[in-house]
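Following: one structure in structure tokens, then a few remarks.
For the single chain, residues carry numbers from 1 onward in sequence order. Every heavy atom of this structure was used, including side-chain atoms; hydrogens, water molecules and symmetry mates were not. Each ligand, and each atom within it, is numbered from 1 in the order the structure gives.
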Amino acid sequence: MSPTRRTILASALLAAPALHAAARGGTVVVIGAGAAGLAAASVLRAAGQEVVLLEARERIGGRAFTDQALGPDCRFDAGAEYIHWAERNPWAPIARRAGVRFAEDGSWARTLTIDGRPATEAENASRRAGFSGLDALLAPKGGDPSLAEAARAGGPNAERAAAGLSRLSLGEDPERVSAADYDRLWSGTDLWVDGYGALVARHGSDLPVRLGCPVRAIDWSEKTVRIDTGAGVLGAAAAIVTVPIGVLKSGAIRFTPRLPEPVETALGGLHMGAYTKIALRLDPAKVDPADLGDAVSVITGGATIYFEMGPFGRPIAVANLGGDLARDLCRAGEPAAVALATERLGVILGSKAPGAVQAGGLAGWWTDPYAQGSYSIVNPGHAEARDRLREPVGGRVFFAGEALAGGGAMTVGGATLDGERAARDVLKVLGA
Ligand SMILES: Cc1cc2nc3c(=O)[nH]c(=O)nc-3n(C[C@H](O)[C@H](O)[C@H](O)COP(=O)(O)OP(=O)(O)OC[C@H]3O[C@@H](n4cnc5c(N)ncnc54)[C@H](O)[C@@H]3O)c2cc1C
């Protein structure tokens, strides 16, 4: 941040009415303007509570983000794109009311390519066999094994299926995922949204938020919580911290005094997965994505990459991958990631491949300082970690976000519900 910008921010913060209101003990500061922070601020504001919303980035929405870097006709959701468990997800009615286009899961065809050729009927059958009964297998019969361990009893097909599911829906290798936590995730209809990030940003656009304002320290040693942005200090009666647990674990926000041991233990039981997308802009003169089917999984020498072909009619292909391969690609950087995705897409395109990809973009959440991963994963043996984080610290620092959302964890809907929950908890404590 340049000195000029720091100065402007400092004066903006110091002039803020929130500081005066804080003297009356009434302000709640919400840190992070993703789905959870926006929901918390909205509930607080509706209750007439003075609220200040601070966001590190120059935009709201957090990990729900519709990226237009490849051009407006090539926009894609770099983060969330499905409204999961639509039957109870608050975003399903919001999306319907907003008239957003979406497709229901199952309405698109998936094919599998192995080593540059379509999978044979026998290969497809063994894959189907791996997935059939997988849910029952992964439900732990006692203890809290990893997904890899739980799948072992089902043999190699089940192990392969569990690994694919783990990497491509959780973003993590199956050895590092708690089966008990996986088992309690909500399921239901998935709606594939054309612009989930844009919808979240539009929905939260009327909330006053201070952008470009990363919080660096939170001092909760006294009754008034002091929140340091590096450009000024805000006082608050309570703080709701919605930054991803990757950010919390990195120490990017310093707590004084240190977080209590139960909170540290809960954080120790969680880590971030690395679900990653690489979007490729296709030359429509060379290749029509409509000819490629809707979605293709490519297995070439190990990890599966899943391509969405021409989502919502756009001339793009979006590669999805997770686990350590995704981490390595994020560290290697955009050109290397785009090169790998282009090479794997070439396996599908065959003779049409040369020159078909015009540009590419990496949604590298693993190396993003304000995310530090895709979404929260519970380590095997730590199934209670999400609930433990809901305990407020000192009665005035509250955590919220997808990581605390129980069965709704890892999703925008869960983050929203948990943000609302935290706001209600704060209102109770403040007696508002
Ligand atoms: C690739 C990918 C695919 C996904 N797919 C889906 C999907 O299909 N469906 C679904 O429901 N979910 C999906 N998710 C998960 C979903 O995006 C998240 O669960 C949800 O958006 C999290 O919301 P949140 O408010 O908890 O956190 P965030 O959205 O991360 O919000 C936290 C905010 O805090 C800000 N912040 C960070 N550090 C600081 C700081 N020091 N000071 C101030 N602000 C800070 C961040 O910039 C961010 O805006 C996906 C995520 C990824 C990465």
Problem set entry | Donor-acceptor side-chain pairing of S376 and E402 below 3.5 angstrom | yes
Exercise. Which class fits the ring pair F312 and W192: parallel under 30°, tilted 30 to 60°, perpendicular over 60°?
Worked result: tilted
Exercise. Among Y82, Y370, W85, W366, whose heavy atom sits nearest atom 8 (O) of ligand 1?
Worked result: Y82
Exercise. Would a 4.5 Å heavy-atom cut-off, applied to side chains only, mark N320 and F307 as touching?
Worked result: no
Exercise. Passes side-chain contact (heavy atoms from CB on, under 4.5 Å), R386 versus L404? Steps please.
Worked result: CA-CA 5 Å; R386 299 190 188 282; L404 291 78; 5.5 Å; no
Exercise. Considering only heavy atoms, which of V243, V412, D418 lies nearest to atom 45 (C) of ligand 1?
Worked result: V243
For this session: Report the part of I31 in contact with ligand 1, treating N, CA, C, O as backbone and CB onward as side chain, heavy atoms under 4.0 Å; options are side chain, backbone, both, neither.
Result: side chain
For this session: Measure A78 to ligand 1 on non-hydrogen atoms and call it side chain, backbone, both or neither using the 4.0 Å cut-off.
Result: backbone
For this session: Number the atoms of ligand 1 from 1 as they appear, then name those within less than 4.0 Å of a heavy atom of A35, with their elements.
Result: 25 (O)
For this session: Would you please indicate yes or no on a ring centroid separation below 6.0 angstrom for W365 and Y375?
Result: no
Problem set entry | Atom indices of ligand 1, in the order listed, that fall short of 4.0 Å to a heavy atom of T242 | 32 (C)
For this session: Check ligand 1 against W365 and write out every atom of the ligand that is under 4.0 Å from a heavy-atom position of the residue.
Result: 1 (C), 53 (C)
Exercise. Is I253 touching ligand 1 with its side chain, its backbone, both, or neither, if touching means heavy atoms under 4.0 Å apart?
Worked result: side chain
Problem set entry | Passing candidate, salt bridge (Lys or Arg N to Asp or Glu O under 4.0 Å) with K277, options E81, E334, E308 | E81
Exercise. Can you name the residues that form a side-chain contact (heavy atoms from CB on, under 4.5 Å) with P257, not counting sequence neighbours?
Worked result: W220, S221
Seminar exercise, completed: Note: heavy atom closest to atom 3 (C) of ligand 1, options A371, G79, G212, belongs to G79
Problem set entry | Contact partition for V247 relative to ligand 1, non-hydrogen atoms under 4.0 Å | side chain
Exercise. Which atoms from ligand 1 have a heavy atom of Y275 less than 4.0 Å away?
Worked result: 1 (C), 2 (C), 3 (C)
Exercise. Does E87 CD have over 12 foreign heavy atoms under 6.0 Å away?
Worked result: yes
Problem set entry | Atom indices of ligand 1, in the order listed, that fall short of 4.0 Å to a heavy atom of G401 | 26 (O)
Exercise. With a cut-off of 4.0 Å, which atoms of ligand 1 are near a heavy atom of Y375?
Worked result: 4 (C), 14 (N), 15 (C), 50 (C), 51 (C), 52 (C)
Exercise. What do we get for H84 next to ligand 1 when only non-hydrogen atoms under 4.0 Å count, side chain, backbone, both or neither?
Worked result: side chain
